[in-house]
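Every value quoted in this text rests on a predicted model; they were computed, and no experiment measured them.
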Amino acid sequence: MLVLSRKTNETIKIGDDIEIRILEVKGDSIRIGIEAPKSIDILRGELVQSITETNTEALTLDATLFSQLTKKE
């Protein structure tokens, strides 16, 4: 992991196509802007984690339900 310190309006370049700009620093909150090609998905980490957990839970429920439905008495 690369760790950098940046001030307002300073940028970070990732490859040739992605630029991250620090827009505002206020207390514990930082606003950033990301310029990237439309073909690149940009998602918040907590959203990806939530979706992953929901999908895992759904798979577990489906497997449990499937075993209950296919259980021979």
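- Linking ILVMFWY side-chain heavy atoms closer than 4.5 Å, directly or via other members, places I32 and L4 in a single hydrophobic cluster.
- Note that CD1 of I40 is 3.5 Å distant from CD1 of I18, once rounded to the nearest 0.5 Å.
- We find the CG-CG distance between N9 and L23 to be 7.5 Å, quoted to the nearest 0.5 Å.
- Atom CD1 of I20 is separated from atom CD1 of I14 by 3.5 Å, given to the nearest 0.5 angstrom.
- For K13, the NZ atom sits in a packed shell: over 12 heavy atoms of surrounding residues, nucleotides or ligands are nearer than 6.0 Å.
- Among residues two or more places apart in sequence or in another chain, the side chain to side chain contact (heavy atoms under 4.5 Å, CB included) test is passed with T52 by V48, T56.
- Residues I22 and I42 share a single hydrophobic cluster, defined by chaining ILVMFWY side chains whose heavy atoms lie under 4.5 Å apart.
- Annotation for E10 and K7: closest pair OE1-N, 2.7 Å, computed over non-hydrogen atoms.
- R6 CZ: more than 12 foreign heavy atoms inside a 6.0 Å radius.
- Counting only distance, with no hydrogens or angles, the side chain of R21 and the backbone of T11 share no donor-acceptor pair below 3.5 Å.
- The environment of E24 atom CD is dense: over 12 non-hydrogen atoms of other residues, nucleotides or ligands sit within 6.0 angstrom.
- Summarising the hydrophobic clusters (Ile, Leu, Val, Met, Phe, Trp, Tyr; side-chain heavy atoms under 4.5 Å, direct or chained), the residues clustered with V3 are M1.
- Atoms CD and CG, on E35 and D17 in that order, are 11.5 Å from each other to the nearest 0.5 Å.
- Note that CZ of R31 is 10.5 Å distant from OG1 of T8, once rounded to the nearest 0.5 Å.
- The hydrophobic clustering, which links ILVMFWY residues whose side-chain heavy atoms are closer than 4.5 Å, places L47 and I34 apart.
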